[in-house]
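Report on the following structure.
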Amino acid sequence: MSYENLLLDQPEPGLYLLTLDRPRALNALNAATLTEISAALDEVRADAGARVLLVTGAGDKAFVAGADIAEMQAYTPMQARAFSAHGMAVMHAIEALPIPVIALVNGYALGGGCELALSCDWILASETAVFGQPEVKLGIPPGFGGTQRLTRLVGRAMALELLTTARQVKAAEALALRLVNHVYPAAELRARGLEMARAIAANGPIAVRIAKQCAHRGLDLDLANACVLETQSFALSFATADQKEGMSAFLEKRPPKFSGD
Ligand code: DAK
């Protein structure tokens with residue numbers, strides 16, 4: 001399927017790369033782009049062979065410079081509510097994708113762009129990356145989950161500082177805040193992302209999906225119940241061919257060949 005505001009490629013079997021591509025607006029998210037992201041996620045979800053999704057921005061200046069201010073400017077409250085709900089649904093869909101989703105932040109990730117990165121499972125940043133939630137400068141609060149996901153990632157106090165001052169954070173500080181997992185030179189970001197995706201794809205696909213599900217769902221539970229979820233999931237993995245193959249391969253001193261069954 002082809003899109004107007006994004007590209008969905010498969011650089012290698014099982015590895016998907018979604019590139020936001022609206023250069024005239026620094027890849028800002030308008031309603032049409034949100035609809036296209038949903039469709040792209042549907043494509044990836046429908047592929048049983050999908051292992052990892054990488055999300056990045058076209059060009060060398062921006063990941064995503066936010067929600068589209070020109071489109072939002074004249075919204076009525078009801079339109080603003082619909083837009084926020086639309087964006088929220090897209091962010092939830094990214095989080096709920098059964099495979100790991102890695103943001104490759106290659107420049108400005110502001111407002112809705114920062115929220116898009118935060119909805120991915122983790123973030124790899126270029127040295128040129130800049131993060132921020134500048135919505136309060138526009139007289140609005142974040143609308144795509146930023147008050148929640150940023151708080152969960154960097155803690156309440158730092159999140160509130162960033163949400164209320166609108167201060168922008170460069171890559172090195174983002175690393176110190178654990179907002180991003182790693183920082184790379186801009187020219188290396190995509191290759192490093194693919195390298196990490198390849199490493200994930202070499203592992204048992206069902207085990208990877210279970211690990212993602214337990215980590216996400218467990219955060220909404222108390223520790224005891226979260227551990228019950230993990231125990232049940234662990235037991236279930238012993239019904240898979242991948243568990244037999246992974247353990248046999250170890251004992252036979254050979255690389256595993258996982259089938260995802
Ligand atoms: N929307 C639309 N166009 C944008 C844009 C954006 N977010 N960001 C940049 N552009 C456009 C610029 O208008 C400019 O267009 P032309 O003038 O060339 O036609 C072009 O991209 C290049 O931008 P600049 O000329 O400004 O480039 P600079 O290098 O000088 O500056 C910048 C780069 C990223 C620092 C600057 O563009 C900037 O500050 N952009 C805005 C960043 C921002 O404020 N982002 C947050 C957007 S608000 C909610 C739902 C959603 C949200 C909130 C509530 N509810 C419904 C409750 C989310 C809100 C946001 O994300």
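Just so you know, ligand 1 is whichever comes first in the structure, and atom 1 is the first atom listed for that ligand. Everything numeric here is computed off the predicted structure, so don't read it as measured data. Starting from 1, each residue takes its place in the sequence as its number.
Ion pair Glu95/Arg149 flagged as a salt bridge, since at least one NZ, NE, NH1 or NH2 atom sits closer than 4.0 Å to an Asp/Glu carboxylate oxygen. Glu245 has no carboxylate O lying under 4.0 Å from a charged side-chain N of Lys257, or vice versa, which leaves the two without a salt bridge.
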May I have a table of the N/O to N/O pairs between ligand 1 and the protein that fall below 3.5 Å, each row giving the two atom names and the distance to 0.1 Å?
residue, atom, partner, partner atom, Å
ligand 1, 1 (N), Ile69, N, 3.0
ligand 1, 7 (N), Ala65, O, 3.1
ligand 1, 7 (N), Ala67, O, 3.0
ligand 1, 21 (O), Arg24, O, 3.4
ligand 1, 29 (O), Lys61, NZ, 2.6
ligand 1, 45 (N), Ala65, O, 2.9
ligand 1, 61 (O), Ala67, N, 2.7
ligand 1, 61 (O), Gly112, N, 2.7

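Checked by atom type and distance alone, the side chain of Ser84 pairs as donor or acceptor with a backbone atom of Gly143 at under 3.5 Å.
Side-chain contact check for Asp21 and Tyr3: no donor-acceptor pair (N or O, by modelled atom type) lies under 3.5 Å. A donor-acceptor contact closer than 3.5 angstrom links the side chains of Gln148 and Arg152.
Hydrophobic clustering, with ILVMFWY side chains joined whenever heavy atoms are under 4.5 angstrom apart, keeps Phe63 apart from Leu17.
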